[in-house]
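Below is one structure; the comments refer to it alone.
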Amino acid sequence: MEVCYQLPVLPLDRPVPKHVLSRRGAISFSSSSSLFGAPDPRQLSQRRGAISYDSSDQTALYIRMLGDVRVRSQVGFEPERRSSHPYLCIDFRTLHARLGCGSPGSDPERRVHRLLSFQRYLHSSRLLRGIPQQIPLHILDEDYTGQARCMLEKVGNWNFDIFLFDRLTNGNSLITLTFHLLNQYGLVELFQLDMVKLWRFLVMVQEDYHSNNPYHNAVHAADVTQAMYCYMQEPMLARSLTSYDILLGLLAAATHDLDHPGVNQPFLIKTDHYLATLYRNTSVLENHHWKSAVGLLRETGLFSHLPAEDRLSMERELGSLILATDISKQNDYLSRFRLHLDQENLCLSSASHRHFILQMALKCADICNPCRPWELSKQWSEKVTEEFFKQGDIEKKHKLEVSPVCNRENNTVGNIQIGFMSYVAEPLFAEWARFSDTRLSQTMLGHMGLNKASWGGLQQEQTTVSEEAEPSTAGTDAEDGAARRNDNTATGAGGTSSKEIPQGSRES
């Protein structure tokens with residue numbers, strides 16, 4: 001369990017406790033660290049939730065840490081509260097692993113390969129510092145450089161296969177893709193970003209996504225970043241967005257689900273999780289993603305060369321974009337979007353209107369899975385449903401009421417996806433097509449229609465198979481035929497419950 005606080009909570013004149021800097025999983029970037037401040041691989045694999053301090057800077061405004069009673073007691077957290085609320089002790093990643101996350105041993109093996117790759121990347125990047133154009137190519141494994149380069153050349157295609165790209169980059173799709181796009185737009189040079197700090201920031205962002213989450217992981221963040229790039233390439237946006245807008249858009253996409261625990265906001269609220277208390281049950285996850293992103297920006301000092309006022313403004317606008325992905329606020333944003341389109345008063349020369357369009361673009365990118373080609377959309381649907389079901393398993397294990405669409409016994413991938421498309425995705429993308437009536441918009445709506453029909457067909461097949469598999473209890477042929485007719489009649493009247501489209505929601 002991770003805890004975040006706003007400082008000043010540690011007096012600036014008091015040295016950082018030694019146990020803080022030496023505790024498990026911590027990484028400390030000091031002036032004496034190597035060029036890239038590269039952590040030991042064993043530390044990197046445990047980095048999630050660590051505290052990072054620069055020995056020369058004890059004024060860091062954001063702390064991320066595991067539930068260490070000694071540390072929390074020093075910063076004003078009430079350690080006794082943990083025992084009064086048993087769900088605060090739940091380590092959701094451990095529970096996910098116990099409840100089954102695929103074949104045993106596959107994840108540790110993948111992690112070893114990733115760590116070896118990180119080390120190779122860091123060594124090669126040292127040699128290539130000062131040649132920004134070449135770094136995105138040379139950070140890839142040598143065996144896959146050519147294939148990954150070919151994919152990056154087509155990064156603006158809507159059928160971009162992020163799963164394949166993640167394999168070609170040895171599990172580093174978010175780092176590689178984001179770095180490439182920032183470099184392609186010329187933002188590294190324009191904003192005078194330090195390559196060392198940028199690389200460190202992207203590595204830490206990717207590592208702070210939970211690889212045990214079936215859906216809300218770094219690959220999802222990379223997919224959203226690629227979709228955001230596609231939207232920003234649309235004519236209306238390409239003509240209007242400033243370099244600052246593009247930088248914010250890409251950073252928000254890459255960090256929009258940072259440190260997602262794999263459960264949704266209602267779960268955190270009903271278990272009285274500390275994050276729900278911290279953010280007063282309002283946009284709990286989105287606030288946490290935003291503050292986690294700000295923490296990494298400050299920790300790496302990526303924008304430390306900018307004036308303080310500009311840095312704070314950038315952090316606020318980054319938060320505004322990430323908070324827009326709260327699915328519970330969907331209708332508010334959609335109503336505002338419709339009103340602008342009805343009144344035809346969107347003016348992209350206005351900074352506030354451009355920011356609003358970036359919010360809508362990020363919302364679309366976050367839930368664009370139903371709009372991808374079937375082969376990609378189906379994989380995402382299965383992954384997000386499995387994450388729902390894992391939450392339901394946790395709720396059952398701890399005798400909690402199972403959340404909607406999280407019960408694997410009475411939900412299927414198909415009915416969840418059909419409901420999500422009908423009530424959430426279709427209204428949003430219909431309005432986006434009104435705003436940007438392009439080939440891409442029509443392609444997305446076309447894919448969503450086909451995918452919805454495909455899930456409907458699969459649902460019908462499953463229903464038919466289940467009906468045929470029911471054993472007959474009739475004693476004669478006539479009775480048997482009557483029994484079958486009665487069963488079909490009952491299915492027609494009451495079977496609506498098995499085919500009914502639920503108004504489920506996907507926690508973004």
> Any side-chain donor-acceptor pair under 3.5 Å between Asn407 and Lys396?
Replying inline: yes
> Looking at residues at least two apart in the chain, or sitting in another chain, which of them share a ring pair (Phe, Tyr, Trp, His ring centres under 6.0 Å) with Phe160?
Replying inline: Phe165
>> Can you tell me how far apart OG (Ser403) and CD (Glu395) are? Round to the nearest 0.5 Å.
In response: 3.5 Å
> In Å, rounded to the nearest 0.5 Å, how long is the span from CG of Leu177 to CD1 of Ile162?
Replying inline: 5.5 Å
> Are the side chain of Glu382 and the backbone of Val413 linked by a donor-acceptor contact shorter than 3.5 Å?
Replying inline: no
> Does the side chain of Thr282 come within less than 4.5 Å of Gln265's, by heavy atoms?
Replying inline: no
> What's the verdict on side-chain contact (heavy atoms from CB on, under 4.5 Å) for Ser173 and Arg167, showing C-alpha distance, side-chain angles and the deciding distance?
Replying inline: CA-CA 8 Å; Ser173 55; Arg167 292 194 293 272; over 6 Å; no
>> Aromatic contact between Phe429 and Trp432, with the criterion being ring centroids under 6.0 Å apart: yes or no?
In response: no
> CD of Gln459 to OG1 of Thr464: how many Å apart, nearest 0.5 Å?
Replying inline: 11.0 Å
>> Once rounded to the nearest 0.5 Å, what's the spacing between atom OG of Ser381 and atom CG of Asn451?
In response: 7.5 Å
> Atom CZ of Arg298 and atom NZ of Lys291: how far apart are they, to the nearest 0.5 Å?
Replying inline: 9.0 Å
> What closest approach, in Å, do Cys368 and Asp223 show between heavy atoms, and which atom pair accounts for it?
Replying inline: SG-OD2, 4.3 Å
>> Do Phe201 and Ile175 have side chains that approach each other closer than 4.5 Å (heavy atoms only, starting at C-beta)?
In response: no
>> Which residue in the set His216, Lys363, His220 passes side chain to side chain contact (heavy atoms under 4.5 Å, CB included) when paired with His256?
In response: His220
>> Can you list everything that forms a salt bridge (charged side-chain N to carboxylate O under 4.0 Å, His left out) with Glu461? Sequence neighbours excluded, please.
In response: none
>> Using modelled atom types and a 3.5 Å cut-off, is there a donor and acceptor pairing between side-chain atoms of Asn172 and backbone atoms of Thr169?
In response: yes
> Trp380 and Phe163: ring pair (Phe, Tyr, Trp, His ring centres under 6.0 Å), yes or no, with the steps?
Replying inline: CA-CA 10 Å; Trp380 284 121; Phe163 299 110; 4.6 Å; yes
>> Please evaluate residues Lys378 and Ser454 with respect to the criterion side chain to side chain donor-acceptor pair (under 3.5 Å), reporting the C-alpha separation (whole Å), side-chain torsions for both, the decisive distance (0.1 Å), and the verdict.
In response: CA-CA 10 Å; Lys378 183 173 183 289; Ser454 297; over 6 Å; no
>> Assess whether a salt bridge exists between Lys329 and Glu286, defined as any Lys/Arg side-chain N lying under 4.0 Å from an Asp/Glu carboxylate O.
In response: no
> Taking NZ, NE, NH1 and NH2 as the nitrogens, is one of them in Glu386 or Arg408 under 4.0 Å from a carboxylate oxygen of the other?
Replying inline: yes
> Can you name the closest pair of heavy atoms from His447 and Cys371 and give their distance?
Replying inline: CB-O, 3.2 Å
> Counting N and O atoms only, with roles assigned by atom type, does the side chain of Ser422 sit under 3.5 Å from a partner on the main chain of Gly419, one being a donor and the other an acceptor?
Replying inline: no
> Going through the checks in order, is the side chain to side chain donor-acceptor pair (under 3.5 Å) test met by Tyr215 and Asp257?
Replying inline: CA-CA 11 Å; Tyr215 182 82; Asp257 272 333; over 6 Å; no
>> Regarding Asn217 and Ser211, do their side chains bring together a donor and an acceptor under 3.5 Å, going by distance alone?
In response: no
> Who are the ring pair (Phe, Tyr, Trp, His ring centres under 6.0 Å) partners of Tyr229, not counting sequence neighbours?
Replying inline: Tyr185
> Got a sec, which residues hit ring pair (Phe, Tyr, Trp, His ring centres under 6.0 Å) with Trp455, two or more places apart in sequence or on another chain?
Replying inline: Trp374
>> Gln379: which residues meet the side chain to side chain donor-acceptor pair (under 3.5 Å) condition with it, sequence neighbours left out?
In response: none
> Distance only, no hydrogens: is a donor on one side chain within 3.5 Å (strictly under) of an acceptor on the other, for Glu387 and Asn213?
Replying inline: no
> Does the Asn159 side chain pair with the main chain of Arg372, one donor and one acceptor, at a distance under 3.5 Å?
Replying inline: no
> Can you tell me how far the CG atom of Leu428 sits from the CG atom of Asp366, to the nearest 0.5 Å?
Replying inline: 10.0 Å
> Any donor and acceptor pair, going by atom type alone, linking the side chain of Ser436 with main-chain N or O of Ala433 inside 3.5 Å?
Replying inline: no
>> His260 vs His210, test: side-chain contact (heavy atoms from CB on, under 4.5 Å). Steps then yes/no.
In response: CA-CA 7 Å; His260 196 293; His210 301 189; over 6 Å; no
Using a 3.5 Å cut-off and no angle test, enumerate the donor-acceptor pairs between side-chain atoms of residues 332-340 and protein atoms at least two apart in sequence or in another chain.
{"residue": "Ser335", "atom": "OG", "partner": "Asn331", "partner atom": "O", "Å": "2.8"}
{"residue": "Arg338", "atom": "NE", "partner": "Glu431", "partner atom": "OE2", "Å": "3.3"}
{"residue": "His340", "atom": "ND1", "partner": "Asn345", "partner atom": "OD1", "Å": "2.8"}

> Under 3.5 Å, is there a donor-acceptor pair linking the side chains of His289 and Thr255?
Replying inline: no
> Can you list the steps and then say if Ile367 with Gln330 is a side-chain contact (heavy atoms from CB on, under 4.5 Å)?
Replying inline: CA-CA 11 Å; Ile367 63 170; Gln330 178 87 350; 4.2 Å; yes
